[in-house]
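Heads up: the structure comes next, in structure tokens.
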Amino acid sequence: MTQRLPQLNRRLLALLLAALPLAGASLSASAQGSTAKPQSGGTLTLATDLEPPSLVSFLDTNTRIRNISAKIVEGLLRYDSQFKPQPLLATSWSVSPDGLRYTFKLRPGVKWHDGKDFTAADVRFSLLAQKKQGPRGRITLANLERVDTPDPLTAVLVLSKPTPFLLKSLSSAELPIVPAHRYTEADPLTSPNQSAPIGTGPFVFAEWVRGSHLLLKKNPHYWQAGKPHLDRAVIKFIGDRAGIVAALEAGEIDVATNINLADLDRLAQNPKVQVDDSYDGFLNNAAFLEFNVEHPILAKPEVRQAIAHAIDRNALRTTVYYKRAEVVNSPVPSVLSSYYDDSTFQYGYDVARANQLLDQAGYPRQANGQRFALRITNIPGADFKRSSEFLRNALGRVGIKAELQDGDMASFFKRVYTARDFDLNINGLGRLFDPIVGVQRIYWSDGIKNPLIWINAAHYNNPQVDELFRQAAVEVDEGKRAGQFKQIQQIVGRELPVYPLVTVPGPSALNKRVHNFFNSIDLHAGDWSDAWVEGGK
């Protein structure tokens, strides 16, 4: 691991000092390290440049959605700093000796925001729907056969095979429990709950003015007495990142997210502002270069390897990410040390080697100095766009002409996952808490015949890799499981359908009147039940 990431992880551990004995228990430190007594009332105002397409991370775990969803809709469990499960909508749980039955006792007296009772039927609907249509749910819940509901407050997950990572996946943002009465099984994506959600969480949806703001109000009937402290939360959508920073400096907002990295050093000098660039230990976000391996030129591994050698990732880290990211050497996060193997991802910056590989692949430079042309697309976001520009310049140095393709999120999804009208794609993906959940989807060949967003944009197809993932998904022997993940990394590192680039920072800046802003290992996908502001407003 690099030097910076342990620093950030220690910082996160400082925020999450103790295992949470009860769901909703407040962490002992805020983003500012405050231990002052919380004040009730007031409004927290946050601004971001990216408006979500929907408000519930039910069938799309996009970061923009999950960060809002978790304030309204809850999961069965939450997690301490060591990923040990803690109660939330489930108060207790047990696992059968064969690992095939998970029995959850549900919290009594919980009401949906419309006054209806929360029951095991909601758990059954939510999990089965996410197993069928969720991009990550299809992997996480692949072995889920059924959900039994022997009584309204008991849900029994019956599995066909052991799923050793299941208890790490049941957070509010990752596998939210939604009200079954607000959905239809035929097409849950058409539910009004996706844009006007009803949940069980500490905040109630009030209004969403597209292009302007989202208003959340305190849930007066929240099951956890005395929470939340805030009366209201306003999330403003400001497309101009410079405008977000200006609003923070003027005191018009309390929290700024997705801000330009170039602004952080200046903001850190502001006595009224606290800069926080903690690395999200739940998502483990990273930027990847995905090759469309169905492209006749990119189908050749030596071409993909040449492109990897042409990219100076340290320079990318410095110029695009202002040294607030770290080079990534494997799709598996290095924090999962027992599973980590970067031995075949050794593609140091070497223009001479890149040129040699391209010559050997049969693509010599023409009279104009060019070998061939490729199109580069990227997930929307300022840093990803600048990464595309960086890549275009890098490819130009080895004779590859590159054209940039831009667009909004809808056009990105269509271009990459439906029409497949791209050659190279710079994507941001969460590597998460287990390789089966966060990494398998990057290489899973099921995504070719059953296309879904965030799954195998490269269209990589290696039956051996698929089989190793299948084995690791049910392996309960940690030593064998580690060996399977390391073998996968060795294969995909050689074949290189996807090239890891750098970690993706998620910096925020907060007015120092804000306390206890983070209360989850998932950072921005915490529920704000512990957050409070001095003086109100």
Side-chain angles (χ1 to χ4, degrees), residues 52-70 72-76 89 102 120-147 149 155 157-161 163 165-166 169-199 283 379 409-410 412-414 416-420 427 429-430 432 434 436-457 459 466 469-470 473 525:
S54 67
L55 301 181
V56 182
S57 56
F58 179 43
L59 298 173
D60 186 352
T61 48
N62 180 292
T63 302
R64 292 180 295 165
I65 302 173
R66 62 188 287 129
N67 289 351
I68 293 172
S69 176
I72 306 167
V73 181
E74 297 178 299
L76 290 175
L89 287 178
Y102 288 67
D122 300 306
V123 176
R124 178 177 59 199
F125 169 79
S126 299
L127 296 185
L128 292 179
Q130 289 174 94
K131 167 188 168 66
K132 183 178 180 180
Q133 290 185 255
R136 286 210 287 265
R138 286 179 57 191
I139 296 174
T140 306
L141 302 172
N143 299 327
L144 179 64
E145 279 193 338
R146 67 180 191 273
V147 178
T149 56
L157 280 58
V158 181
L159 310 181
S160 58
K161 299 175 183 177
T163 304
F165 52 87
L166 183 61
S169 67
L170 300 171
S171 73
S172 299
E174 189 67 16
L175 287 175
I177 304 303
V178 299
H181 63 277
R182 290 271 289 175
Y183 289 83
T184 63
E185 292 189 9
D187 189 3
L189 284 172
T190 64
S191 169
N193 210 64
Q194 293 300 102
S195 57
I198 287 171
L283 288 178
I379 186 172
M409 188 65 77
F412 170 79
F413 285 149
K414 181 178 180 180
V416 174
Y417 296 101
T418 305
R420 300 198 52 73
N427 209 347
L429 296 168
L432 296 160
D434 189 275
I436 293 298
V437 185
V439 179
Q440 176 177 329
R441 63 198 173 114
I442 301 174
Y443 304 101
W444 196 27
S445 69
D446 180 77
I448 300 174
K449 56 182 179 289
N450 297 304
L452 278 175
I453 57 174
W454 313 125
I455 294 181
N456 195 4
H459 271 204
D466 286 343
F469 273 122
R470 278 192 287 269

Between Arg138 and Trp444, the two heavy atoms sitting closest are O-CH2, 4.3 Å
Is it the case that the side chain of Ser191 and the backbone of Arg182 share a donor-acceptor pair, with hydrogens and angles ignored and the cut-off at 3.5 Å? yes
Sidechain-backbone polar pair: Tyr417 side chain, Pro451 backbone, donor-acceptor under 3.5 Å
no
Residues Leu432, Leu283; criterion side chain to side chain contact (heavy atoms under 4.5 Å, CB included); working and verdict
CA-CA 4 Å; Leu432 296 160; Leu283 288 178; 3.8 Å; yes
On a heavy-atom basis, the closest approach of Pro52 and Ile68 is CG-CD1, 3.6 Å
Note: Ala70 and Ser172 closest approach over all heavy atoms is CB-CB, 4.1 Å
Problem set entry | Close side-chain approach of Gln130 to Pro176, heavy-atom, < 4.5 Å | yes
For Leu159 and Tyr102 the tightest heavy-atom approach is CD1-CE1, 3.5 Å
Indicate yes or no for a side-chain donor-acceptor contact from Ser126 to the backbone of Val123 under 3.5 Å, with no hydrogens or angles considered. no
Test your reading of the model: is there a side-chain donor-acceptor pair from Asp122 to the backbone of Ala180, 3.5 Å cut-off? yes
Just wondering, do Asn143 and Leu166 contact through their side chains at under 4.5 Å, heavy atoms?
no
For Phe165 and Thr140, run side chain to side chain contact (heavy atoms under 4.5 Å, CB included): C-alpha distance rounded to whole Å, both residues' side-chain angles, the deciding distance at 0.1 Å, then the answer.
CA-CA 8 Å; Phe165 52 87; Thr140 306; 4.0 Å; yes
Residues pairing under salt bridge (charged side-chain N to carboxylate O under 4.0 Å, His left out) where one sits in residues 59-68, two or more places apart or in two chains, turn out to be Arg66-Glu174, Arg66-Asp522
